[in-house]
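Shown next, in structure tokens, is the structure this report addresses.
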There are 2 protein chains.
Amino acid sequence: MKIDKSTGEILRDKREEKGLLLRQVAAKLDIDTAILSKIERSERKATKEQIIKLAEILDLKEDDLLVQYLSEKILYEIKDEELGQKALKVAEQRMKFINKKNS
Amino acid sequence: MKIDKSTGEILRDKREEKGLLLRQVAAKLDIDTAILSKIERSERKATKEQIIKLAEILDLKEDDLLVQYLSEKILYEIKDEELGQKALKVAEQRMKFINKKNS
DNA sequence: TCTAATTTGACTAATTTTGTCAAATGAAAT
DNA sequence: ATTTCATTTGACAAAATTAGTCAAATTAGA
């Protein structure tokens, strides 16, 4: 899993690698070019549906891209929080606890 | 850190322990009783400001309550996600990476 | 059973997110 | 240098989500 690249960077790199224009990919996503530009520069978040379509369009592994995307959503929640690191750890513990309970 | 109790349960337990009514606490928070009732039963999320006030009103350690609250917000983001667990782990790695970079 | 506390659900208000559009900027090619 | 096309920017609108009120229904204790 790439930990040193933002979702946006991954998307831009792959799009350019495939020689596609923002315009072309945006058309397939049915959104304005401006939004895709912003997504690639991490100025906007994509929606989950857009991520799924992008994986398809750019031949990226859907699950990997989704994990990347979700982890970014999580980090976004705590980005300005002093206690973010602690909260993440506690969230993991609670997640384990919940999973244990449901088995 | 309590891992087996929701924020709502913590709040309700402490409020009852102190013999306060929903009405009284809600008044201090400047919201309708109905909302506090829903927060305590995890039907609604509190805002960060409400959590801070509640820690004060109920004599709970602010940081602990905030960590509890933030971890719940994180879990909420991934509650319906198959890949939630993986995303959490990746978020932690990325968090570490970001912290390393900024030091 | 009376009374006060809590819960429920329908509704409104406020905020955030997602999107469009047009103008500005940048980059490549003559 | 000028043209042309891709990308970026920012102001704005639409849509969705979140936060709140209110009143009626339910629950719990004396």
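Each chain gets a letter, A, B and so on, in the order its sequence line appears, and its residues count up from 1.
The side chain of B:R41 contributes an N or O atom lying less than 4.0 Å from OP1 or OP2 of C:dT8. Under 4.0 angstrom from either OP1 or OP2 of C:dG19 there lies no side-chain N or O belonging to A:R44. Between A:S37 and D:dT7 there is no side-chain polar atom (N or O) within less than 4.0 angstrom of OP1 or OP2. Of the side-chain N and O atoms in B:R15, none sit less than 4.0 angstrom from OP1 or OP2 of C:dA5.
Salt-bridge formation is not detected for the pair A:K28/A:E56: no Lys NZ or Arg NE/NH1/NH2 atom is positioned less than 4.0 Å from an Asp or Glu carboxylate oxygen. The residues A:D59 and A:K18 are annotated as salt-bridged, a charged nitrogen and a carboxylate oxygen being separated by less than 4.0 angstrom.
If you measure from atom NZ of B:K48 to atom P of C:dT16, you get 14 Å, rounded to the nearest angstrom. Following rounding to the nearest Å, B:K45 (NZ) and C:dT16 (P) show an atom-to-atom distance of 12 Å. Atom CD1 of B:I51 is separated from atom P of D:dA19 by 11 Å (rounded to the nearest Å). In this structure, CD1 of B:I39 is placed 12 Å from C1' of D:dT18, rounded to the nearest angstrom. In this structure, the NZ atom of A:K73 is 16 Å from the P atom of C:dT16, given to the nearest Å.
In this structure, the side chain of B:Y69 does not engage the main chain of B:D64 through any donor-acceptor pair within 3.5 Å. Distance alone, capped at 3.5 Å, is enough to place a donor-acceptor pair between the B:E9 side chain and the B:S6 backbone. Within the 3.5 Å criterion, the main-chain N or O of B:E77 finds no donor-acceptor partner in the side chain of A:E77.
The stretch residues 21-36 of chain A touches DNA chain C through A:I31, A:D32, A:A34, A:I35, each having a heavy atom under 4.0 angstrom from the strand.
Where A:A46 and B:E16 each meet DNA chain C at their nearest nucleotide, the meeting point lying more 5' is that of B:E16.
Dense packing is recorded around CG of B:D4, with more than 12 heavy atoms of other residues, nucleotides or ligands lying under 6.0 Å away.
Comparing D:dA11, C:dT6, D:dT8 by their nearest atom to the side chain of A:K38 picks out D:dA11.
Between the CZ atom of B:R44 and the CG atom of B:L36 there is a distance of 12.0 Å, given to the nearest 0.5 Å.
Contacts of A:Q50 with the nucleic acid, taken as non-hydrogen atoms under 4.0 Å apart, involve only primed sugar atoms and P, OP1 or OP2.
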